[in-house]
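A quick write-up on the structure given underneath.
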Amino acid sequence: MVEALGVAVVGFGWMGRVHTQAYARVPHHYPKLPLRPELVTVAEDVPGRAEEAAAQFGFASTSRDWRKVAADPRVRAVSITAPNFLHREIGVAMADAGKHIWIEKPVGLTLADARAVADAVAKAGVQSAVGFNYRNAPAVETARELITTGELGAVTHVRIRLFSDYAAHPEGALTWRYERERGGSGVLGDLASHGADLARYLLGDIASLTADTAIFLPERARPTGATAGHSRASGGELGPVENEDYVNCLLRFASGARGVLEACRVSVGEQNNYGFEVHGTKGAVFWDFRRMNELRVSRGTTYQDQPVSTVYVGPGDGEFGAFQPGAANAMGYDDLKVVEAYRFLRSVAEGTSYGATLADAVHSAAVLEAMVRSAESGSWTDVTAT
């Protein structure tokens, strides 16, 4: 028997749309899931946006105030896709109201914010999911298996890159993303949070790090109206960019492995160039998000001049089989959010956590906080999540 689960979406920019589409697709890809999400309400304070979402996707009701969602008995689970500065307040309120929460990274502006939401979830006994979607790629899960089973030997070092041009245009509007008070730590929260999660997911805890950050476009024009995504604004009053465009970080893992994590939001010529290179004493594995469904793998006993092969993931690798019938058929970004939605709903159904949770968000936030401290001090800094 399939049980209906009332869900709400708070914040309907691009990511709110992605979550909504994921809920709609889950029953098609996972027909045996005992929960079926029902779109109860959408909350968005930009005039008209919630109504447009309801008309397009079929939400039963709309609101300009997210607090009404917390008080709505029809809602049992909530997607929190509002701007970063609202994550803590909304997340704590929804958990206190007994709602399961699927929240986007970086879960607030600080480590304290992430901890507050995690503590509220633990106290309420509800389930959580966090939008670290890249770990859901079947190729990434396969890479992790190669590492944990010792196929590569002992891991010696890793490079993780997250380069994008979404903020490269000098006419990019000065939205909340570029303010410390509302956006937090710039590219650290936007991209490096994913890198920190991937590093820990693949190689375990990061013990210490040293980081350097920079702002390359120090001023932007203020927008004159509501914005969505990465809008442009020209001719408006200029204001300062307060958070980082770029970060470069050296990592020391608890295992003894070393790493490099680099992220930039103003990389001209780079469109979502995300990926990693993991090297071990017997082999290596390479992943590029733009070729999401394949790995380059080197393993064997040759060591020197050992060849690298391209491996296409297929059914049996992660959740690939829920989307495609054979290897080398493509999955895309939105599919990763369907996987995330499925794991969230399965967690609710079974009372056991699947996928990334608030605990993972706290660890990622601890890495980001250590990066900030290191960049300010110019020294190696320990990573402490507890």
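Counting only N and O atoms by type, the side chains of Arg290 and Asn273 include a donor and acceptor under 3.5 Å apart. Residues Arg258 and His157 bring no donor and acceptor atom of their side chains to less than 3.5 Å of each other. For the residue pair Arg182 / Asn84, no side-chain donor-acceptor distance below 3.5 Å is found, with atom types taken as modelled. Gln306 and Arg299 share no side-chain donor-acceptor pair at under 3.5 Å.
Thr81 places a side-chain N or O within 3.5 Å of a backbone atom of Val10 that can act as its donor or acceptor partner. Ser364 places no side-chain N or O within 3.5 Å of a backbone atom of Asp360 that could act as its donor or acceptor partner. Without hydrogens or angle criteria, Ser374 side chain to Ala370 main chain gives no donor-acceptor distance under 3.5 Å. The backbone N or O of Ala207 lies less than 3.5 Å from no partner atom in the side chain of Asp205, so there is not a single donor-acceptor pair. Here the side chain of Thr302 pairs no donor or acceptor atom with the backbone of Gln304 at under 3.5 angstrom. Side-chain atoms of Ser347 do not come within 3.5 Å of backbone N or O of Gln127 as any donor-acceptor pair. Using a distance-only test at 3.5 Å, with no hydrogens or angles considered, no donor-acceptor pair links the side chain of Ser63 to the main chain of Ala43. Without hydrogens or angle criteria, Asp245 side chain to Val266 main chain gives no donor-acceptor distance under 3.5 Å. With Arg88 contributing its side chain and Leu86 its backbone, the two residues share no donor-acceptor pair below 3.5 Å. Of the possible polar contacts, one joining the Asp113 side chain to the Leu109 backbone as a donor-acceptor pair under 3.5 Å is found.
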- Task: Output, in order, the C-alpha distance, side-chain angles, deciding distance and verdict of salt bridge (Lys or Arg N to Asp or Glu O under 4.0 Å) for Lys123 and Asp96.
- Result: CA-CA 8 Å; Lys123 181 180 179 181; Asp96 287 348; 6.0 Å; no
*Apply the test side-chain contact (heavy atoms from CB on, under 4.5 Å) to residues Leu203 and Ile147: give CA-CA distance (whole Å), side-chain angles for both, the deciding distance (0.1 Å), then the verdict.*
CA-CA 8 Å; Leu203 272 67; Ile147 294 166; 4.2 Å; yes
query: Do Glu242 and Arg177 pass the salt bridge (Lys or Arg N to Asp or Glu O under 4.0 Å) test, and can you show the C-alpha distance, the side-chain angles, and the key distance before you say yes or no?
result: CA-CA 9 Å; Glu242 298 174 350; Arg177 291 183 181 277; over 6 Å; no
field: Verdict with supporting geometry, Lys337 and Glu104, salt bridge (Lys or Arg N to Asp or Glu O under 4.0 Å)
entry: CA-CA 11 Å; Lys337 302 306 278 191; Glu104 277 305 312; 2.9 Å; yes
Checking Glu319 against Arg135 for the salt bridge (Lys or Arg N to Asp or Glu O under 4.0 Å) test, could you report, in this order, the C-alpha distance in whole Å, the side-chain angles of both residues, the deciding distance, and whether it holds?
CA-CA 11 Å; Glu319 295 295 329; Arg135 64 155 64 189; over 6 Å; no
Original post:
After noting the C-alpha distance and the side-chain angles of Glu340 and Asn133, does the key distance pass the side chain to side chain donor-acceptor pair (under 3.5 Å) rule?
Top reply: CA-CA 7 Å; Glu340 205 165 273; Asn133 41 266; 5.8 Å; no
What do the steps show when you test Tyr166 against Gln271 for side chain to side chain donor-acceptor pair (under 3.5 Å), and what is the final call? CA-CA 8 Å; Tyr166 68 79; Gln271 295 85 42; over 6 Å; no
Is there a side chain to side chain donor-acceptor pair (under 3.5 Å) between Arg74 and Ser61? Walk through the geometry before answering. CA-CA 11 Å; Arg74 301 172 299 167; Ser61 61; 3.0 Å; yes
Could you walk me through whether His29 and Phe323 satisfy the ring pair (Phe, Tyr, Trp, His ring centres under 6.0 Å) test, starting with their C-alpha distance in whole Å, then the side-chain angles of each, then the deciding distance to 0.1 Å, before giving a yes or no? CA-CA 6 Å; His29 294 280; Phe323 297 85; 4.3 Å; yes
Go through Gln56 and Glu52 one step at a time and tell me if the side-chain contact (heavy atoms from CB on, under 4.5 Å) criterion holds. CA-CA 6 Å; Gln56 182 174 1; Glu52 290 176 6; over 6 Å; no
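Across Ile101, Val362, Leu358, Thr357, a single residue satisfies side-chain contact (heavy atoms from CB on, under 4.5 Å) together with Val130, and that is Leu358. Under the side-chain contact (heavy atoms from CB on, under 4.5 Å) rule, Met371 has a single partner from Val383, Thr381, Leu261, Asp212, which is Leu261.
Summarising the geometry of Ala341 relative to Val26, their closest heavy-atom pair is CB-CG2, 3.7 Å, with the distance given to 0.1 Å. Between Met331 and Gln324, the shortest heavy-atom distance links the atoms CG-CG, 4.4 Å. Looking at every heavy atom in both residues, Asn136 comes nearest to Leu336 through ND2-O, 3.4 Å. Nearest heavy atom pair, residue Tyr178 against residue Ala167, reads OH-CB, 3.2 Å. Between Gly91 and Ile80, the shortest heavy-atom contact is CA-CD1, 3.6 Å. Closest approach of Arg76 to Ala4, counting heavy atoms only: NH1-O, 3.7 Å.
Aromatic ring orientation, Tyr23 versus Trp102: perpendicular (interplanar angle above 60°, classes split at 30° and 60°).
Separation of the Phe163 and Tyr274 ring centroids does not fall under the 6.0 Å cut-off. A distance below 6.0 Å separates the ring centres of Trp14 and Tyr333. For Phe276 and Phe286, the ring centers sit 6.0 Å or farther from each other. For His194 and Tyr201, the ring centers are positioned 6.0 Å apart or more.
Cation-pi geometry between Arg252 and Trp380 is satisfied (NZ or CZ under 6.0 Å from the ring centre, within 45° of the ring normal). Judged by the 6.0 Å distance and 45° axis criteria, Arg49 is not positioned over the aromatic ring of Phe12.
Residues Arg25 and Asp335 are paired through a salt bridge, judged by an N-O separation under 4.0 Å between the basic side chain and the carboxylate.
Counted within 6.0 Å of CD on Glu145, heavy atoms from surrounding residues, nucleotides or ligands total 12 or fewer; the atom is thus considered open. More than 12 heavy atoms of other residues, nucleotides or ligands shown are found within 6.0 angstrom of CZ on Phe85. At most 12 heavy atoms of other shown residues, nucleotides or ligands fall within 6.0 angstrom of atom CZ in Arg291.
Grouping the Ile, Leu, Val, Met, Phe, Trp and Tyr side chains by contacts below 4.5 angstrom, directly or via other members, places Phe344 with Phe57. Put simply, Tyr246 and Leu251 are part of two different groups of oily side chains (I, L, V, M, F, W, Y) that touch within less than 4.5 Å, one to the next. Tracing side-chain contacts under 4.5 Å through hydrophobic residues (I, L, V, M, F, W, Y), one never reaches Tyr312 starting from Trp287; they form parts of separate clusters.
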